[in-house]
Protein chains: 2
Amino acid sequence: MFELYFKKVNEKISLTAAEEELCKSFFVYKKLRKRQYLLQEGEVNKYTAFVEKGVLRSYTVGENGAEHILQFALEGWSIGDIYSFITGEPSKYNIDALEDSELLLLSKPAVDEMMLRVPKIQQYYYLQMQNAYVALQRRMTMNISQTAEEKYKTLLAAYPEIIQRVPQHMIASYLGVKPETLSRIRRKKL
Amino acid sequence: MFELYFKKVNEKISLTAAEEELCKSFFVYKKLRKRQYLLQEGEVNKYTAFVEKGVLRSYTVGENGAEHILQFALEGWSIGDIYSFITGEPSKYNIDALEDSELLLLSKPAVDEMMLRVPKIQQYYYLQMQNAYVALQRRMTMNISQTAEEKYKTLLAAYPEIIQRVPQHMIASYLGVKPETLSRIRRKKL
DNA sequence: AAATAGCATTGACATTTGTCAAGTAAATAC
DNA sequence: GTATTTACTTGACAAATGTCAATGCTATTT
């Protein structure tokens, strides 16, 4: 149940068996059914979730009720509202499961303790943070410089799994276009 | 010449006079004339720059020669290509000054050494990284959910100084619209 | 199996944004 | 100070995307 997590960690740093065992003790395992919330707007985000299995998404809801998707997280990715997690303020985001999913949760005290007991792991999380930032920057560049069709192609090339496993109207929201527009873009290439 | 930097740092953590002195020794002071580069595409980004005075911007250049602006940095902000800084790979970004500017540069070895000698400062940089991420996330949400006009208003409300000090066509690029479109948006409200 | 609800597709049309071209204003160079 | 370049504005038109409404499809519920 920790296979994927340590696979990912050991791509970046290397932990001894003893260190791995110690790490495990800080996580809480959680299953989420499709459509279940991990976090709802207004709650404090107490955990960052590593996805062992399934797909989650984070999103906001506008005044008009429209959903705006910020992030998808497939197996091997992490998700959570960092801002709320750190500050303890209520989150503006919702996070829920798009498929039945299995998660490894880490609370803030657990992170702190883990960093203390297994200092090496700090580097992994720092790298993670950087990667997340860089990825977001890339998405930003894509968004200001490309048309709807180009954005779709870029996403398809970079993360084909997302396109396959996520409903189309959510992909549209992620790209910042209407579902009808995405449907028309897709029709072109059949 | 370090006033602004320590003003910012001490908003988050508190350093003793001795610690401040120690910190100072890790920075390199640099003046940049308007239009001068801090970083050019293809170079390795060796420094993160804290802006004491002036305005810088980071941007990419597309195949068609169009510039896409990623970030502005006014007094009190930092700028640099984190990815290149960390990995040592050549940067895909350009960074230059939009006004005569004064910078405090920190190299990677200097950061490492500073963190070691003044551990407290680690927290400041971790917070900085988080804030940068959260700000980018906000911008992303704005970009996928708002029209050109709304994006302009949002930017104007959040960072009026940017609008005043940066050429309009760069604002347009930052928002992901054409200069003509921005000009027409601005005309409406006079 | 039938009923329901949500999702994807399509068409007609409206709105927003982009493109091209021209002209003016402002900044910079000489 | 004049010349030259660069930035901003404006208009006419084109292209992209959004809106609204109808339809069929698929999955879920009962």
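So that the names make sense, note that chain A is the first sequence line, chain B the second, and so on, each numbered from 1.
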- Task: Can you label the angle between the Y124(B) ring and the Y5(B) ring as parallel, tilted or perpendicular, going by 30° and 60°?
- Result: perpendicular
Scoring nucleotides 11-30 of chain D by protein non-hydrogen atoms under 4.0 Å (B base, S sugar-phosphate only, - none) yields BB----SSBB-------S--
- Applying side-chain hydrogen bond (donor to acceptor under 3.5 Å, both in side chains), run through E102(A) and Y29(A) and close with a yes or a no. CA-CA 7 Å; E102(A) 296 173 31; Y29(A) 178 79; 2.7 Å; yes
message = In this structure, is the centre-to-centre distance between the rings of F2(B) and F27(B) below 6.0 Å?
response = yes
More than 12 heavy atoms of other residues, nucleotides or ligands under 6.0 Å from CZ of R165(A): yes or no? yes
Note: chain B reaches DNA chain C at heavy-atom distances under 4.0 Å over the stretch, first to last nt, 5' to 3', of dT17(C) to dT28(C)
Is the shortest side-chain N to carboxylate O distance from R184(B) to E180(B) below 4.0 Å?
no
Under a 4.0 Å heavy-atom cutoff, the residues of residues 162-169 of chain B touching DNA chain D are P167(B), Q168(B), H169(B)
As a check of understanding: the bend across the helix from dA1(C)-dT30(D) to dC30(C)-dG1(D), end axes from five pairs, rounded to 10 degrees, works out to 50°
Between Q164(A) and I162(A) (side chain of the first, backbone of the second, donor and acceptor by atom type, cut-off under 3.5 Å), is there such a pair?
no
Taken to the nearest 0.5 Å, the spacing of L127(A) CG from I86(B) CD1 works out to 8.0 Å
Applying side-chain contact (heavy atoms from CB on, under 4.5 Å) to E21(B) and not counting sequence neighbours gives K24(B)
Using residues 40-47 of chain B as the side-chain source, report each donor-acceptor pair under 3.5 Å to any protein atom, sequence neighbours left out, with the distance given to one decimal.
| from | atom 1 | to | atom 2 | distance (Å) |
| --- | --- | --- | --- | --- |
| E43(B) | OE1 | Q40(B) | N | 3.0 |
| N45(B) | OD1 | D81(B) | N | 2.4 |
| N45(B) | ND2 | Y47(B) | O | 2.7 |

So CG of N131(A) and CG of L136(A): to nearest 0.5 Å the spacing works out to 12.5 Å
Query raised in the report: Counting N and O atoms only, with roles assigned by atom type, does the side chain of D96(B) sit under 3.5 Å from a partner on the main chain of Q36(B), one being a donor and the other an acceptor?
Result: no
Self-check item: Donor-acceptor pair between N94(A) and E67(A) side chains, under 3.5 angstrom
Solution: no
